[in-house]
Peer 1: 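Have a look at this one.
Just so it is clear: chains get the letters A, B, ... in the order the sequence lines come, proteins before strands, and each one is counted from 1.
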Amino acid sequence: MFKDIVKISDLKNYNEKEVTIGGWVRHSRPSGKLIFIVLRDGSGLCQCVIEKGKISDELFEQIKRVGAESSLTITGMVRKDERSVGGYELVVSGARMLSESVDYPITPKSHGIDFLLKNRHLHLRSQRQWCIFRIRHTVINAIRQFFNDNGFTLIDSPILTGIVGEEAGSLFNVDYFGMPAFLSQTGQLHLECAAMSFGRVYCFGPTFRAEKSKTRRHLTEFWMVEPEVAFIELPGLLEIAENFVSFIVKRVLEDNEAELKTLDADVESLKKIVPPFYRLTYTQAHEILTSQKTQDFMAAQLADFVKTKQEIEEKIKALETEAKGQIKQWRQDKIAAELIELRSDLAEIDTKIENNPKHAKLASEFKWGEDLGGSDETIISLMHDKPVFVTHYPRQAKAFYMKQDGDNPKVVQNFDMLAPAGFGEIIGGSMREDNYDVLLGKIKEHGYKLENYEWYLDLRRYGSVPHGGFGLGVERTLAWLTGEKHIRQCIAFPRMMDKILI
RNA sequence: UCCCCGAUAGCUCAAUCGGUAGAGCGAGCGGCUGUUAACCGCUAGGUCGUAGGUUCGAGUCCUACUCGGGGAGCCA
């Protein structure tokens, strides 16, 4: 019955021909004897123009009052029209209602994050979400393509595991037939085994962290891709990482130009994402953060915020004065709507003004030896127009398996990659300790049970080689690319601290 | 675990010093042959998160609780 249905994205091949499309009503604008319906079918949007007289009066009346998200098939002549979204529209000659939708909860106006999350099953149909998930599809394909084309073998690491990668305490416990087990928070340790067999490997799947973090950068379940490479040193690893990220960005720019535009993403900035990226050592980052330059940077940022705030306040005042005067009702209504927007902007800028001095203080008081904080990463990231590698962190701030630096035993050979524009960390990685005695010492130093790590030490007993790898967070990468503020919008069904809806 | 903010119509938000509960969107009815989150007119829609307190009078002030948002720590 539906075998002749044409996809909206294919309409360009049917200009001046009659076709039938099937989809859901995004919105409709009845205008007397004319109805405009924008239909979405998953491949794109198409405006359908229905004139009274061209279809039965009964159907015309039914379609005239059709609710958002009603499903129907529409038949008509494809016509190129610049005025229409997507460039083509349908001059309707027939239609068939499949299912009428009444009182669809998500309206064309703005909604709060809580409401949208409760309606996640419906929110996925919205334009912004559709664009983000088209881009997610490209990103995931690009990830697989990059590794497959560069000599990597895919090894699926287990989701149920008995071993711990990072420090414990952020693991989901599972009752495994009465035995303790965890949901995997990294595939790294398993991949190290595989790297000694295949040389270059990667794993890609969901990962689980029971961190009690309520921020826009955290999920308890997220997707991470982790390459692991034998016979490599830190500079080589950084090169792979920057080529990898540049490749993803290039593919998204090629395949999702329209989606990026709809999302109002910063395409020009993305075009700058080509190797080489900036490289800073942790010690250099420390110097920058505690320097006068950073204080000046933060002060300039604050001045910007204050100026923006004044502009918003002046606008609000002007509108409020106007609203008190003798003016038409329609103008009153417009002003009310504008005021709501402006007050929301004002609240946002107030938060920024409040946080700025705190972040400046945190940066100035940053002590060598501490881990880089979220706000510190944001500052460094804002100061650069391309991603920044921060390498060689203090040993005490990092995990036991990271390789100690030969020149400076106080630091390890690790790196974080910070995305530009203030988004922060999207990659964390390191060289792994490949010296048996040093690794044994680290395990003891951390007080871990030796018997749990005998297998890991075996990798150093039998033909150890320098090796390393990193993990890239898919949702964080997407949030950066799309300009989406919250990574919860970058996974179909987000799992957050204390909240699983469906 | 800690800090800050919030909860008013289906949704997003107003309500000045404590004094009659408002707007837009959405819904319903009517109008309009080129609309782009259309526009114009009319209608319906409320236990102001919960419990207590202060007061002649509380959406507004105080206390506790519940739920939500953002951030710190930690991280992708």
Peer 1: Given the P atoms of A58(B) and U50(B), what is the spacing between them in whole Å?
Peer 2: 15 Å
Peer 1: Does the structure show a Watson-Crick or G-U wobble partner for U35(B), both distances under 3.5 Å? Name it, or say none.
Peer 2: none
Peer 1: In the structure shown, which nucleotide is the Watson-Crick or G-U wobble counterpart of C2(B), with both distances under 3.5 Å?
Peer 2: G71(B)
Peer 1: Answer yes or no: does a side-chain N or O of R216(A) lie under 4.0 Å from OP1 or OP2 of G71(B)?
Peer 2: yes
Peer 1: Does a donor on one side chain sit under 3.5 Å from an acceptor on the other, for Q62(A) and E58(A)?
Peer 2: no
Peer 1: Could you say whether R476(A) or H486(A) is positioned toward the 5' end of RNA chain B, judged by the nucleotide with the nearest heavy atom to each?
Peer 2: H486(A)
Peer 1: Taking the same atom, C1', in G59(B) and in A14(B), what whole-Å distance lies between them?
Peer 2: 12 Å
Peer 1: What does G41(B) pair with, Watson-Crick or G-U, if both distances are under 3.5 Å?
Peer 2: C29(B)
Peer 1: Please report the distance, rounded to the nearest Å, between CG in N414(A) and C1' in C74(B).
Peer 2: 15 Å
Peer 1: Nearest whole Å is fine: how far is G69(B) C1' from F115(A) CZ?
Peer 2: 17 Å
Peer 1: Mind checking I35(A) for me? I need base, sugar-phosphate or nothing, with any heavy atom below 4.0 Å counting as a touch.
Peer 2: nothing
Peer 1: Need the pair for A23(B). Rule: Watson-Crick or G-U wobble, both distances under 3.5 Å, any strand; none if unpaired.
Peer 2: U12(B)
Peer 1: Could you work out which one of C29(B), C74(B), C11(B) sits closest to the side chain of R65(A)?
Peer 2: C29(B)
Peer 1: Using the ring centroid of each side chain, check whether F222(A) and F208(A) are separated by less than 6.0 Å.
Peer 2: no
Peer 1: Within the 4.0 Å heavy-atom criterion, would you say Q47(A) contacts the bases, only the backbone, or no part of the nucleic acid?
Peer 2: base
Peer 1: Looking at G10(B), U1(B), G34(B), which one has an atom nearest to any side-chain atom of K212(A)?
Peer 2: U1(B)
Peer 1: Which nucleotide, G68(B), G26(B), A72(B), lies nearest any side-chain atom of D114(A)?
Peer 2: G68(B)
Peer 1: With syn defined as a glycosidic angle within 90° of 0 and anti as the rest, where does C17(B) land?
Peer 2: syn
Peer 1: Base, sugar-phosphate or nothing for G424(A)? Non-hydrogen atoms, less than 4.0 Å.
Peer 2: nothing
Peer 1: Closest approach to the side chain of S213(A), judged atom by atom: which nucleotide of G34(B), G26(B), G73(B) is it?
Peer 2: G73(B)
Peer 1: When you compare the side chains of T186(A) and H190(A), does any donor N or O come within less than 3.5 Å of an acceptor on the partner?
Peer 2: no
Peer 1: Hey, which of Q489(A), R128(A), R216(A), Q129(A) is the one that makes side-chain hydrogen bond (donor to acceptor under 3.5 Å, both in side chains) with E484(A)?
Peer 2: R128(A)
Peer 1: Of the options G73(B), C75(B), G34(B), whose atoms approach the side-chain atoms of R209(A) most closely?
Peer 2: C75(B)
Peer 1: In Watson-Crick or G-U wobble terms, both distances under 3.5 Å, what is the partner of C61(B)?
Peer 2: G53(B)
Peer 1: How far, in whole Å, is C2(B) from C11(B) if one measures between their P atoms?
Peer 2: 31 Å
Peer 1: Take atom P in U8(B) and the same atom in U60(B), then report the distance between them in whole Å.
Peer 2: 13 Å
Peer 1: Check for me: is H111(A) stacked on C11(B) by the 5.5 Å centroid and 30° plane-angle rule?
Peer 2: no
Peer 1: So what does E377(A) hit on the nucleic acid, given a heavy-atom distance under 4.0 Å: a base, only sugar-phosphate, or nothing?
Peer 2: base
Peer 1: Measure from CG on N355(A) to P on C3(B) and round the result to the nearest Å.
Peer 2: 16 Å
Peer 1: Could you check which of U35(B), A76(B), G10(B) has an atom nearest any side-chain atom of E211(A)?
Peer 2: A76(B)
Peer 1: Taking atom P in both U54(B) and U16(B), what distance in whole Å separates the two?
Peer 2: 24 Å
Peer 1: Taking atom P in both G49(B) and U12(B), compute the distance separating them and give it to the nearest angstrom.
Peer 2: 14 Å
Peer 1: Give D371(A) one of three labels, base, sugar-phosphate or nothing, depending on what nucleic acid heavy atoms sit under 4.0 Å from its own.
Peer 2: sugar-phosphate
Peer 1: Please work out if K214(A) contacts a base, only the sugar-phosphate, or nothing of the nucleic acid, heavy-atom cut-off 4.0 Å.
Peer 2: base
Peer 1: What contact category does L472(A) fall into here, base, sugar-phosphate, or nothing, at under 4.0 angstrom with non-hydrogen atoms?
Peer 2: nothing
Peer 1: Can any side-chain N or O of H384(A) pair as donor or acceptor with the backbone N or O of K386(A) at less than 3.5 Å?
Peer 2: no
Peer 1: If the C1' atom of G26(B) is compared with that of G69(B), how far apart are they to the nearest Å?
Peer 2: 24 Å
Peer 1: Would K442(A) count as a cation-pi partner of F400(A), with NZ or CZ less than 6.0 Å from the six-membered ring centre and within 45° of the ring normal?
Peer 2: no
Peer 1: Measuring from the side chain of K33(A) (C-beta onward, heavy atoms only), which nucleotide among A72(B), G34(B), C32(B) has the closest atom?
Peer 2: C32(B)
Peer 1: Compare the aromatic ring of F222(A) with the six-membered base ring of A76(B) and state whether they stack according to the 5.5 Å and 30° rule.
Peer 2: yes
Peer 1: Between S430(A) and Q413(A), is any side-chain donor less than 3.5 angstrom from a side-chain acceptor?
Peer 2: no
Peer 1: Does the ring centre of H392(A) sit less than 6.0 Å away from the ring centre of Y282(A)?
Peer 2: no
Peer 1: For E475(A), run the side-chain hydrogen bond (donor to acceptor under 3.5 Å, both in side chains) check against H486(A), R136(A), R488(A) and tell me which one passes.
Peer 2: R136(A)
Peer 1: Quick check for you: among G71(B), A76(B), G69(B), whose closest atom lies nearest to any side-chain atom of R488(A)?
Peer 2: G69(B)
Peer 1: Which part of the nucleic acid, if any, lies within contact of R128(A), taking any heavy atom under 4.0 Å across all strands shown: a base, the sugar-phosphate backbone alone, or nothing?
Peer 2: nothing
Peer 1: Nearest to the side chain of D103(A) - A27(B), A76(B), G70(B)?
Peer 2: A27(B)
Peer 1: Reckon S375(A) touches a base, only the sugar-phosphate, or nothing at all at heavy-atom distances under 4.0 Å?
Peer 2: sugar-phosphate
Peer 1: Have a look at E89(A) and say if it touches a base, only the backbone sugar-phosphate, or nothing, with a 4.0 Å heavy-atom cut-off.
Peer 2: base
Peer 1: Nearest nucleotide by nearest heavy atom, which residue falls closer to the 5' end of RNA chain B, G473(A) or L117(A)?
Peer 2: L117(A)
Peer 1: Check every atom of G71(B), C11(B), A37(B) against the side chain of H27(A) and return the nucleotide holding the closest atom.
Peer 2: A37(B)
Peer 1: How far does the P atom of U20(B) sit from the matching atom of G28(B), given to the nearest Å?
Peer 2: 34 Å
Peer 1: Under 4.0 Å from OP1 or OP2 of A72(B): is there any side-chain N or O of R217(A) that close?
Peer 2: yes
